[in-house]
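These notes concern the structure reproduced below.
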Amino acid sequence: MTLRQFLLFTALTLPACALLILFLDQPITLFVHRHTGWAEPLFSAYTAAADTAYEAAVSTHMLKLPVLYLALLVLFVLGRWVLKRRWGTLALIVLLTHIASQGTSNVLKGTVHRLRPEVLFSGGYPGTGLWATGPHNDSFPSTHTAIYFSLFWPLALAFPRWRVPLLVLPGLIMLGRLVMGAHYPSDVWFSAWLVVAYTFLFSLLDRPRPVEM
């Protein structure tokens, strides 16, 4: 992704998310909730299976590190420093993007305190639901989106021929957050932007540097 592409995506995303939060999130979410209930068990089962696999990869530790993180670090060292291949840096980009996206998502959840759609479904609330007190106030942004999209988006950029199949899993997770009534569209979209932003930032590690004369 070029700087121009990232800036264009940012210029589209941030105003769009603001517009969604202020005016469109609630009607869109209510519409999806009313018309896609039949698909909720399918997405729930799919998300549960993905969560089980992910939890196993991060809860199992070797050398005091989650096996997922350790595997990416091994790929980085093997590819970049042993085999001298640039794809080794890709593993580091995936790891850094994943940690940063997930961490930022969790910090924002604890700062923004946005009410989840389940509160809307059970009777509604005034305003946008931001900075709310009480339970169910951790909707923005979507951590599920940050987790799964961050693992696959850097790969999709690096291997454009495989972009569509690589994005199937995170794409279904993101769609499932809406169908299951777990998040608003802006929650998912903003998390996707976080991943894109961190991927662009950390991809600078793999840019060739000019040779000093």
Checklist entry - Do L95 and L68 belong together in a cluster built from hydrophobic side chains that touch within less than 4.5 Å? => result yes
Next on the checklist: Counting C-beta onward and ignoring hydrogens, is there a side-chain heavy-atom pair between P66 and L70 closer than 4.5 Å?
Outcome noted: no
Checklist entry - Between R114 and S186, do the side chains contain an N or O donor and an N or O acceptor separated by less than 3.5 Å? => result yes
Checklist entry - Quick one: does F190's side chain get under 4.5 Å of L108's, heavy atoms only? => result yes
Checklist entry - Run the side-chain contact (heavy atoms from CB on, under 4.5 Å) check on T13 and C17 step by step: do they pass? => result CA-CA 6 Å; T13 295; C17 284; 3.9 Å; yes
Checklist entry - Which is it for T133 and H113 under the side-chain contact (heavy atoms from CB on, under 4.5 Å) test, yes or no, and what are the steps along the way? => result CA-CA 7 Å; T133 58; H113 289 301; over 6 Å; no
Checklist entry - Heavy-atom distance under 4.5 Å between the side chains of F6 and T10, does that happen here? => result yes
Checklist entry - Atom CG of L92 and atom CG of L72: how far apart are they, to the nearest 0.5 Å? => result 9.0 Å
Next on the checklist: Evaluate Y184 against F140 for ring-ring contact (aromatic ring centres under 6.0 Å, His included), listing each step before the verdict.
Outcome noted: CA-CA 8 Å; Y184 294 101; F140 183 90; 9.8 Å; no
Item to check | Q26 side chain to G127 backbone, donor-acceptor under 3.5 Å | outcome: yes
Checklist outcome for this item: Partner of Y198 under side chain to side chain contact (heavy atoms under 4.5 Å, CB included), picked from P154, S101, S203, is S101
Checklist entry - Can you get from L178 to L24 by hopping between Ile, Leu, Val, Met, Phe, Trp and Tyr side chains that sit under 4.5 Å apart? => result yes
Next on the checklist: Distance check, rounded to the nearest 0.5 Å: M1 atom CE versus L7 atom CG?
Outcome noted: 10.0 Å
Checklist entry - Distance-only, no hydrogens or angles: does the R163 side chain make a donor-acceptor pair with backbone N or O of A156 under 3.5 Å? => result yes
Next on the checklist: Rounded to the nearest 0.5 Å, what separates atom CH2 in W153 from atom CG in L167?
Outcome noted: 6.5 Å
Item to check | Donor-acceptor contact below 3.5 Å, side chain N137 vs main chain A132 | outcome: yes
Item to check | Closest contact, heavy atoms only, I93 versus F202 | outcome: CG1-O, 3.6 Å
Next on the checklist: Can you classify the ring geometry of H98 versus Y69 as parallel (below 30°), tilted (30 to 60°) or perpendicular (above 60°)?
Outcome noted: perpendicular
Checklist entry - When rounded to the nearest 0.5 angstrom, what distance separates CG in D138 from CG in L115? => result 9.5 Å
Checklist entry - For the side chain of E40 and the backbone of G37, is there at least one donor-acceptor N/O pair under 3.5 Å apart? => result no
Checklist entry - When you measure from the side chain of S139 to the backbone N and O of R116, does any donor-acceptor pair fall under 3.5 Å? => result no
Item to check | Distance in Å, L151 CG paired with Q102 CD, rounded so as to fall on 0.5 Å steps | outcome: 8.5 Å
Item to check | Test side-chain contact (heavy atoms from CB on, under 4.5 Å) applied to L30 and F121, step by step | outcome: CA-CA 8 Å; L30 286 170; F121 302 152; 3.9 Å; yes
Checklist entry - Do Y148 and W162 belong together in a cluster built from hydrophobic side chains that touch within less than 4.5 Å? => result yes
Item to check | Heavy-atom donor-acceptor pair, T36 side chain to A39 backbone, under 3.5 Å | outcome: no
Item to check | Check: H33 main-chain N/O paired with H35 side-chain donor or acceptor under 3.5 Å | outcome: no
Item to check | Hphob cluster co-occupancy, V119 + V112, side-chain heavy atoms under 4.5 angstrom | outcome: no
Next on the checklist: Test side-chain contact (heavy atoms from CB on, under 4.5 Å) on L96 and L201; report intermediate values, then the result.
Outcome noted: CA-CA 10 Å; L96 294 176; L201 174 64; over 6 Å; no
Next on the checklist: Go through it in stages, so that I can follow the logic: the residues are D187 and K109, the test is salt bridge (charged side-chain N to carboxylate O under 4.0 Å, His left out), and I'd like the CA-CA distance, side-chain angles, deciding distance and then a yes or no.
Outcome noted: CA-CA 10 Å; D187 301 339; K109 277 180 179 293; over 6 Å; no
Item to check | For P117 against T29, the heavy-atom pair lying closest together | outcome: CB-CG2, 3.9 Å
Item to check | Verdict with reasoning, D51 to Y46, per side chain to side chain donor-acceptor pair (under 3.5 Å) | outcome: CA-CA 9 Å; D51 286 346; Y46 175 81; over 6 Å; no
Checklist outcome for this item: CD1 of I173 to NE2 of H144, rounded to nearest 0.5 Å, is 6.0 Å
Item to check | Heavy-atom pair with the smallest gap, counting every atom of L12 and P15 | outcome: O-CD, 3.7 Å
Next on the checklist: Quick check on the hydrophobic clustering: are L73 and L63 connected, directly or via other members, by side-chain heavy-atom contacts under 4.5 Å?
Outcome noted: yes
Checklist entry - What are the two closest non-hydrogen atoms of T97 and T199, and how far apart are they? => result CG2-OG1, 3.3 Å
Next on the checklist: Quick check: closest heavy atoms across P141 and L194, and the distance to 0.1 Å?
Outcome noted: CG-CD1, 4.4 Å
Next on the checklist: Minimum heavy-atom separation for L75 and A91, please, with both atom names.
Outcome noted: CB-CB, 3.7 Å
